[in-house]
Amino acid sequence: MSTHNVWTHKGTFLLAAVGSAVGLGNLWRFPYLTGENGGGAFILIYALTIFAVGIPILIAEIMLGRNSRCSPIMGMRFLTRTHQTSRSWESIGWLGAASAFLILSFYSVIAGWAIHYTGLMFTGALIDVDAAGVGQSFDALLASPGLLTLYHTLFIAASALIVGLGIHKGIEAGLRVLMPSLFVILLVVLSYGAIIGDLGAAASFLFTFNLADLSLEGWLQAMGQSFFTLSLGMGAIMAYGAYMPGEASLTRTAFSIAVVDTAVAMVAGLAIFSLVFGAGLDPGEGPGLMFVTLPLAFAEMPGGALVGGAFFILVLGAAISSSISLIEPVAAFLVERFDMTRPQAVAIMVIASWALGLLTVLSFNLWAEGTLFHTLFGRSPFAFIELLTNIFMPLGGLLIALFAGWALTHAEVMKEMRTNERWFRIWRFLVRFVAPAAVAFVFLRSIPQVEGYLIPAIGAVVIVGAFAAGRTFLADDSQEL
Ligand code: PHE
């Protein structure tokens, strides 16, 4: 059943997982969410969630991949058989595939905007344009379905090409060039921000912790963001984990992924806010922070066109290394299950996701409001697709934590984690109880109808449910312990 692909080097998994994790989530979403939620307090919750919930689930997800050595769907089928659990756990694979498909559809549209801005920066088109002008140029981009479709097509085709070439010649080779270049550009942008902008203001904005600044909504957004940024709960990490050689330590690798991903988000935040504060602009712009506020800051600064252009190339590269990890799990499944060639499998996944992406394209212009879709679902198709992924990712993470925490045996986990008994116990406690409860909060946030007071109540039900689920596994588990 398995295709037995393995990464060429011991460190390639780390490279690939960092490539998946570092993306629009770090460069675009993290800074604007931090800006909207008052800075330091948001970061505190975000970092706590990464370490208490993100890393344990990251370990769990790599473990399921490496143990099954298959794409998430086939892998979960294999694991439910070998562990004699209900076949409904296969839903982990299916949920993951659905999320990957949905995320790719809008991720590619937004990444496409960075193509447009790379051009605007290098050609100097925004130099001497005032704030209103920069805002108008962003609005004009969003108003054009033709342009958005063009960029969406270019971006998704480039991602498809890399995955189509295979895990060695495409993904590995691509990442080996891409990732080091991205780190260099990030450092250049940071140094530029430090010299020209206001690094002190940026640092005090990001690292002054005032919990009173944070609303409940901000709390939940911080937790949701920590999932998205680590690419958790949708099979990308599981698919890459399936190619990880048996001897590499899973615990250390998971820590490294989380540390690098967090560091990139912080450095990007420092660089972006140095420029924004240096130009005297508002950090709380929301999603427009990268596409309106930042270009304006670059436009006002010496050498800004060049560094700005490099910055948008960084955004594009980081986005592409993430989007390939969205294609891989589904493509690998089609190859395993239907015996397709890799290019065929990639083409099917990408063309379907591209077509769905057209709904996102239209959500910014022709279908921005007042359509039948709005009447039925109360939001644009893009907002609806994003909402679905906000539900699917935590749900997938929850199921992964429960399955790895309760169904895998002590011996299996120890073989993968290569750690001592104490770390094992900490990890197991976190995936069995803490992660499911935390995820329940994130999950409930996406359901607007849930009243505030119901959230802790449902959280408690989830913890009890985790116990109940656990008891059904404990019978065989205890023989191993
Ligand atoms: N982690 C990526 C980012 O921060 C997004 C992503 C989510 C990629 C899920 C793959 C899977 O941009």
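As the structure lists them, so they are numbered: ligands from 1, and atoms in each ligand from 1. Since this is a predicted model, take the numbers as computed values, not measurements. The residues of the chain are indexed from 1 along the displayed sequence.
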Hits for ring-ring contact (aromatic ring centres under 6.0 Å, His included) against Y192, two or more places apart or cross-chain, chain-then-number order -> none
Result for side chain to side chain contact (heavy atoms under 4.5 Å, CB included) between F13 and one of I62, V18, V6 points to I62
Next item on the list: Compute the ring centroids of W28 and F228, then answer whether they are less than 6.0 Å apart.
Entry: no
Ligand 1 N/O to protein N/O, distances under 3.5 Å:
residue  : atom   : partner : partner atom : Å
ligand 1 : 1 (N)  : S20     : O            : 3.2
ligand 1 : 1 (N)  : A21     : O            : 3.0
ligand 1 : 1 (N)  : F228    : O            : 2.8
ligand 1 : 1 (N)  : T229    : O            : 3.2
ligand 1 : 1 (N)  : S231    : OG           : 3.0
ligand 1 : 4 (O)  : A21     : O            : 2.9
ligand 1 : 4 (O)  : G25     : N            : 3.3
ligand 1 : 4 (O)  : N26     : OD1          : 3.3
ligand 1 : 12 (O) : L24     : N            : 3.0
ligand 1 : 12 (O) : G25     : N            : 2.7
ligand 1 : 12 (O) : Y107    : OH           : 2.6

Please find out if less than 6.0 Å separates the ring center of F312 from that of F122. no
Can a donor-acceptor pair be found between the side chains of W354 and S105 at a distance below 3.5 Å?
no
Distance-only polar pair, side chains of E328 and Y243, donor-acceptor under 3.5 Å:
yes
